[in-house]
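Sequence lines set the chain letters: A, B, ... in the order given, protein chains first and strands last, and positions in each chain run from 1.
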Number of protein chains: 2
Amino acid sequence: MADPSGWTAELISARRSLARSSTAAKVADILRDMVMEGRVLPGAKLAEDSIADALQVSRNTLREAFRLLSHERLVVHELNRGVFVRVLTEADVVDIYRMRRALEGAALQFWGESADAGRGRAPGVSHVRSAVTMGVAAAERGDWDGVGTANMHFHRSIAALADSTRIDEIMSQLLAELRLAFHVMPTVRDFYEPYIGDNERIATLVEAGRSQEAVAVLLDYLNRAEDQLLRQFASKAGQPSAQADSAST
Amino acid sequence: MADPSGWTAELISARRSLARSSTAAKVADILRDMVMEGRVLPGAKLAEDSIADALQVSRNTLREAFRLLSHERLVVHELNRGVFVRVLTEADVVDIYRMRRALEGAALQFWGESADAGRGRAPGVSHVRSAVTMGVAAAERGDWDGVGTANMHFHRSIAALADSTRIDEIMSQLLAELRLAFHVMPTVRDFYEPYIGDNERIATLVEAGRSQEAVAVLLDYLNRAEDQLLRQFASKAGQPSAQADSAST
DNA sequence: GCCTAAGGTTTGTTGAACGATCCTGCAATG
DNA sequence: CATTGCAGGATCGTTCAACAAACCTTAGGC
């Protein structure tokens, strides 16, 4: 009998394409992407009729999709008024960074105490490094959106050192939330440029198994990034609100 | 003019009862409570028709409620098959404790580094202590459900030292998920009794501002609790599955 | 400018209908 | 006996239409 692992291995890799999902879940995916990519800005109203018409789905299906999104903090569901893209507040930013310090800091610290740290080349560490490489390359070609994307990959790979699906999921949500702030920021370059070297330093320390130092640099970075973002909020405080947009206009 | 703070204070306290919520959200609350209290066991199917009939709501409203619940990991939504109360796996337990070590550990550590720790009687600390008191009293009267509830309050108050609504929320969800395991456990006393003294020790260390030692005791507790729970899973591995219950039977 | 009322719009819920999918039971076959 | 195939029934997912409730906008009066 010929080795079956060849063609059954192909079946295994084909499994992903069999995944079905409900229309409500698909609609939620579409809306989430539009929000995360800034094609619908914070404050915008997601009007049921126009979206249901545009996507050619029933209003009930759309409502299910809204309910699916409501836990992700990208939209806010206001009773009898509808669903809106979240406007991130300063308190949100403070809370998000508080949680990032807890999760990313703990992930890095516990990883450092584990057996893997003595072998600096574990799989998770290579993801940390490749995110740095990606960010440096994007910066060199002036692609600041790409720098931001690489930075998100970097921080997700730090958290992923914890090897926890729950932590991965929460981390994704936190970074998605932060994107809401960036969509209304004057320029992304000003935010990311100062920190490219930090990621490089952290990666090097991680590879060397010097996790306590890596934690210190990481926490320092998170503190500075939080401060910078809050300063952006403060400098916008006097400007008129340009965020009351609607999906129907 | 008489002091208005008396009757306006009553208005303020009555505000909570004015909070409106949609029927879908109310239905989700009812179902969540039933799952968390073990009135519907893990593996049970939440059949649309019978629940909609029982609650006298439309099937569409119930479906919205299911979608509201789907992020909380208490139920699992299977396409074309329905919604089921989650059966917690060993991998779930490992992941939950991994995240608890990250969150509770970080909350306690960062709190220790903050200005509050030198004043061991900050508001959050009193909640830690009162949860301990509550647990000891419950144990003395043999109320082991009460001990479990107090233990949950204890760990939530530890995480709440982080002063983060997101951390509080995640912590609540993690502890709710763990309840799923306890609903199918032979006896809760065996689980909690060994740990009452740990909570006492942690609280005393927190009050004394000795946060590093408190972190060490906490992490040790979490490791032991995880091991014990996993041993319970292993000892159940050969038993027939009594979990394929249905809400309609 | 402020307040009130009326009208229009939108949301939340309901119920019925239909198609797709799954589950169960039974029969046929090797 | 084990496996496969088929039919029927049950359930889920989606759609549609309808209606009531709540909100928003506009117009008029003071």
Side-chain angles (χ1 to χ4, degrees), chain A residues 15 17-32 35 40 43-71 74-87 241 243-249, chain B residues 15 17-32 35 40 43-71 74-87 241 243-249:
Chain A
R15 253 182 334 196
S17 61
L18 294 179
R20 294 172 300 167
S21 60
S22 63
T23 303
K26 286 177 183 147
V27 169
D29 289 344
I30 289 168
L31 295 176
R32 183 187 305 106
V35 171
V40 199
K45 176 171 181 171
L46 307 182
E48 290 186 4
D49 267 353
S50 49
I51 295 177
D53 281 350
L55 295 178
Q56 286 289 292
V57 296
S58 148
R59 256 181 73 227
N60 280 112
T61 301
L62 177 60
R63 293 184 60 81
E64 285 196 33
F66 284 156
R67 298 299 195 180
L68 280 173
L69 286 174
S70 66
H71 264 269
L74 296 182
V75 301
V76 59
H77 200 126
E78 299 185 16
L79 182 65
N80 290 326
R81 298 191 64 241
V83 177
F84 301 79
V85 180
R86 281 277 306 289
V87 178
S241 170
Q243 298 177 355
D245 196 9
S246 163
S248 56
T249 61
Chain B
R15 250 184 333 198
S17 60
L18 295 177
R20 295 171 301 166
S21 58
S22 62
T23 304
K26 285 176 185 148
V27 169
D29 289 343
I30 290 168
L31 295 176
R32 184 188 303 106
V35 170
V40 199
K45 176 170 179 170
L46 307 181
E48 291 186 4
D49 267 354
S50 50
I51 295 178
D53 280 350
L55 295 178
Q56 287 289 293
V57 296
S58 150
R59 256 180 75 226
N60 280 113
T61 301
L62 177 59
R63 293 184 59 82
E64 285 196 33
F66 284 156
R67 299 298 195 180
L68 280 173
L69 287 174
S70 66
H71 263 272
L74 297 181
V75 301
V76 58
H77 200 123
E78 297 186 18
L79 183 63
N80 290 326
R81 298 191 66 242
V83 176
F84 300 80
V85 180
R86 280 275 307 288
V87 178
S241 172
Q243 298 177 355
D245 194 9
S246 165
S248 57
T249 61

Exercise. What integer distance in Å separates B:Arg59:CZ from C:dC18:P?
Worked result: 14 Å
Seminar exercise, completed: Closest heavy-atom pair, B:Ala24 versus B:Ala65, reported as atoms and distance to 0.1 Å, is O-CB, 3.3 Å
Exercise. Is the shortest side-chain N/O distance from A:Thr61 to OP1 or OP2 of D:dG13 below 4.0 Å?
Worked result: no
Problem set entry | Integer-rounded Å distance: C:dG12 P and A:Asp49 CG | 12 Å
Problem set entry | Spacing between A:Arg67 atom CZ and C:dT13 atom C1', to the nearest angstrom | 11 Å
For this session: Could you walk me through whether A:Arg67 and A:His77 pass side chain to side chain contact (heavy atoms under 4.5 Å, CB included), step by step?
Result: CA-CA 8 Å; A:Arg67 298 299 195 180; A:His77 200 126; 3.7 Å; yes
For this session: Please report, rounded to the nearest Å, how far the P atom of D:dG13 is from the CD atom of B:Glu48.
Result: 6 Å
Exercise. Do any side-chain nitrogens or oxygens of A:His77 fall under 4.0 Å of OP1 or OP2 in C:dG12?
Worked result: yes
For this session: Quickly work out the B:Glu64 CD to D:dT14 C1' distance and round it to whole Å.
Result: 13 Å
Exercise. Under 4.0 Å between a Lys/Arg side-chain N and an Asp/Glu carboxylate O for B:Arg32 and B:Asp29?
Worked result: yes
Exercise. Counting just side-chain N and O atoms, does B:Arg81 come under 4.0 Å of either OP1 or OP2 of D:dT11?
Worked result: no
Problem set entry | side-chain N/O B:Ser58 vs C:dT13 OP1/OP2, d < 4.0 Å | no
Problem set entry | Exercise: identify the closest heavy-atom pair between A:Ala52 and A:Leu62 | N-CD2, 3.7 Å
Seminar exercise, completed: Atom CG of B:Asn60 and atom P of D:dA20 are separated, to the nearest Å, by 18 Å
For this session: Looking at every strand, decide which applies to A:Asn80 at a 4.0 Å heavy-atom threshold: base, sugar-phosphate, or nothing.
Result: sugar-phosphate
For this session: Take the protein atom CG of A:Leu62 and the nucleotide atom C1' of D:dT15, then report the distance between them rounded to whole Å.
Result: 13 Å
Exercise. Does A:Ala25 or A:Leu79 map to a spot on DNA chain D nearer the 5' end, using the closest nucleotide for each?
Worked result: A:Ala25
For this session: For D:dT11, take OP1 and OP2 only and decide whether either is under 4.0 Å from a side-chain N or O of B:Lys45.
Result: no
Problem set entry | Euclidean distance, B:Leu31 CG relative to B:Leu74 CG, rounded to 0.5 Å | 11.0 Å
Exercise. Could you give the NZ-to-C1' distance, from B:Lys26 to C:dG12, as a whole number of Å?
Worked result: 11 Å
